[in-house]
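In what follows, every chain begins at residue 1, and chains take the letters A, B, ... in the order their sequences are listed.
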Amino acid sequence: MIQTRIVEIWVGLFIAGGIAALFVLAMKVSNISTFSKVEGYELTARFENVGGLKKTAPVTMAGVRIGRVGDITFDSTTYEAIVHLNIEKQYDKLPTDTTAGIFTAGLLGEQYVSLEAGGEEKYLANQDEIKITQSALVLEQVIGQFLFSKASEGGSSNGN
Amino acid sequence: MIGWIRYLGRSGLHFFERLGRGSIFFFNVLMGLPFLFFRFRLVIQQLYVVGVLSLLIIIVSGLFVGMVLGLQGYNTLVDFGAEESLGVMVALSLVRELGPVVSALLFAGRAGSALTAEIGLMKATEQLSGMEMMAVDPMSRVVAPRFLAGVISMPLLAAIFSAIGVMGGYFVGVGLLGVDTGAFWSQMQAKISWSDDILNGVIKSVVFGVVATWIAVFEGYDAIPTSEGVSRATTRTVVHTSLAILGVDFVLTALMFE
Amino acid sequence: MSNNNKEAPLIEIRNLHFSRSGRMIFDGVDLDIPRGKVTAIMGPSGTGKTTLLRLIGGQLKPASGTINVDRHNVPELGHKELYKLRKRMGMLFQSGALLTDLSVFENVAFPVREHTKLPESMIRSLVLMKLEAVGLRGARDLMPSELSGGMARRVALARAIALDPMMIMYDEPFTGQDPISMGVLVQLIRLLNDALNMTSIVVSHDVKETMAIADYIYVISTGKVIAHGSPEELNKSDSPWVKQFIHGMPDGPVPFHYPAKDYLEDLVSGTG
């Protein structure tokens with residue numbers, strides 16, 4: 001039989017190591033560290049089209065992340081999407097005429113919400129709504145519009 | 001043709017008979033678990049045999065699997081100019097699939113076969129019978145601690161495997177191939193969710209732990225008590241556990257990551 | 001033998017039937033094991049003598065019949081009662097059945113540790129006492145793999161008596177022993193029986209040794225008790241079967257040949 005003391009020490013190390021590994025996975029690898037800072041306030045914004053925006057996508061201002069996208073729901077009366085934005089506590093001086101837009105990081109990257117400050121003196125508070133929004137660009141629509149305008153341009157030049 | 005159908009029928013009957021016996025056995029093991037509340041020392045002893053002694057192979061394999069993922073992933077991703085996503089790729093593969101599955105397969109080979117052989121030999125040498133006649137229930141004294149130790153060890157081993165694997169991927173990706181450290185970690189953290197990815201991986205490995213240890217102790221307990229019987233039971237443990245793990249993995253993956 | 005016989009026997013087996021994979025092992029066996037005596041159960045190999053011990057110990061269930069051990073019908077006992085009864089039974093397996101991962105000392109201490117909460121110092125003196133009784137106190141730190149067959153059996157015996165059982169069952173205790181350890185075992189069985197006032201059941205086919213220690217002998221063959229009595233009575237028996245068995249004659253009522261078809265025919269047919 002192996003000595004009990006050594007066995008116990010090894011088993012202790014094993015369990016501690018396993019839990020430490022789980023902890024590393026949680027803190028270093030996953031997004032749990034960002035969940036821990038949910039303290040802040042929530043804004044809503046209505047979009048005609050959110051494109052491929054997903055929960056937990058970043059909310060940025062001037063390229064700096066100031067929060068994350070919370071729930072995305074659908075308003076069946078206005079046929080609009082309501083996006084809940086969780087903004088971190090320290091960014092509490094967003095003017096009431098702030099605008100929100102959905103952009104894409106890179107050509108094929110993730111979609112995010114970008115806020116742009118306005119000039120008002122009053123600031124947005126919890127549960128306020130961002131009134132001015134710009135919907136996501138849907139690539140097919142853009143290409144379609146582009147082709148359509150090109151075609152009509154070509155048609156008009158022919159007429160001349 | 002008739003012979004073939006008959007063979008199929010016989011194998012089917014045999015399969016269900018074993019499944020039934022295994023289920024009754026599983027139930028009996030569960031009934032033996034409360035006993036361990038008073039005798040946790042027995043579990044600690046088995047945690048050493050089942051868990052600690054499997055550590056080396058888990059750590060080494062985890063490291064190499066992580067490093068290979070780093071290399072292969074880099075070569076693929078660099079063509080799209082997306083090598084910053086290497087961290088996501090390595091960690092996601094490990095946490096969701098390779099960590100639980102590969103460590104369960106290694107566990108079956110390293111600890112499962114040893115469990116089967118040990119219990120089978122205890123049966124062959126009448127040690128289990130002897131215990132019964134000493135009014136010591138081998139189910140709670142021998143099988144239950146081994147089962148519990150296996151179920152506890154599996155998620156810990158899988159977590160260690162994944163964590164070491166991520167380190168291996170980091171070492172190759174950032175250390176050797178020059179991926180940006182910040183991008184490696186931040187993309188990983190942005191894309192990997194605690195509840196969807198890591199917790200599901202842990203749930204997987206707990207299920208694998210139950211399946212692998214159950215098969216191992218059942219095969220040992222059910223072995224024909226001869227040297228040939230024990231050797232065949234040991235082989236069966238490794239084969240059946242591996243197949244069961246892969247099958248269960250598919251089902252769990254389908255349920256978890258729709 | 002006289003006054004003990006008045007009390008009910010420790011074990012009463014009535015009309016025992018048992019079969020395994022279609023083969024009848026016991027076909028209506030009746031036997032009584034008196035208290036405080038050494039009772040031997042003899043018979044040729046393969047007559048289910050070991051099976052009988054397992055039936056008494058409750059490890060197997062008979063097809064029908066009753067097995068009363070100290071007024072408990074073993075086949076009908078629940079798990080709890082059976083284990084309670086087994087605490088008072090000792091069994092010596094043919095192989096010894098020592099736990100190979102524990103030392104000699106720990107093996108003997110095993111049932112004590114499992115069933116009592118005695119302090120370590122008391123366990124130590126108890127274990128040493130039992131080991132002293134089988135003459136192996138000096139071997140307490142050896143592992144089972146370092147013991148000879150005879151020593152392993154003696155350690156198993158020390159373990160079987162660790163909880164001072166009311167009875168002890170010996171499964172083929174003499175098989176495969178050299179003459180010296182055989183002599184030691186014969187002496188030990190008799191000595192322990194008388195000193196601890198236990199009941200002993202010896203299952204064996206070693207006629208000479210068994211006749212030497214048994215107070216009463218049952219001879220079993222083909223699923224039935226075919227003779228019983230004290231060793232002297234059996235020695236004088238004129239049943240041809242008993243004569244063949246006791247004197248070890250190769251042919252007699254038990255034929256030398258396993259049943260087969262005619263030899264000449266078998267040779268000529270050339271198949272099978």
Is the shortest side-chain N to carboxylate O distance from [X] to [Y] below 4.0 Å?
X       : Y       : answer
K130(C) : E132(C) : no
R35(C)  : D70(C)  : yes
R21(B)  : E17(B)  : yes
E172(C) : R153(C) : no

*Looking at M91(C), M89(C), Q59(C), which makes the most heavy-atom pairs under 4.5 Å with chain B?*
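It is Q59(C).
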*For R88(C), is it the side chain, the backbone, both, or neither that has a heavy atom closer than 4.5 Å to a heavy atom of chain B?*
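For R88(C), no heavy atom lies under 4.5 Å from chain B.
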*Which bit of L92(C) is near chain B, if near means a heavy-atom gap under 4.5 Å: side chain, backbone, both or neither?*
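No part of L92(C) comes within 4.5 Å of chain B.
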*Which atom of M42(C) lies closest to which atom of K49(C), heavy atoms considered*: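 Answer, listing the atom of M42(C) first, then K49(C): C-CD, 3.8 Å.
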*Return yes if some donor-acceptor pair links the side-chain N/O of D178(C) with the main-chain N/O of S181(C) below 3.5 Å, else return no.*
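Checked: pair present.
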*Could you check T234(B), T237(B), D222(B) and say which one makes a side-chain hydrogen bond (donor to acceptor under 3.5 Å, both in side chains) with T116(B)?*
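It is T237(B), the one option of T234(B), T237(B), D222(B) that forms the side-chain hydrogen bond (donor to acceptor under 3.5 Å, both in side chains) with T116(B).
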*Going by residue number, which parts of residues 123-157 of chain B are within reach of chain C, meaning a heavy-atom gap below 4.5 Å?*
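At a heavy-atom separation under 4.5 Å, chain C is reached by T125(B), E126(B), Q127(B), S129(B), G130(B), M131(B), E132(B), M133(B), M134(B), A135(B), V136(B), D137(B), P138(B), R141(B).
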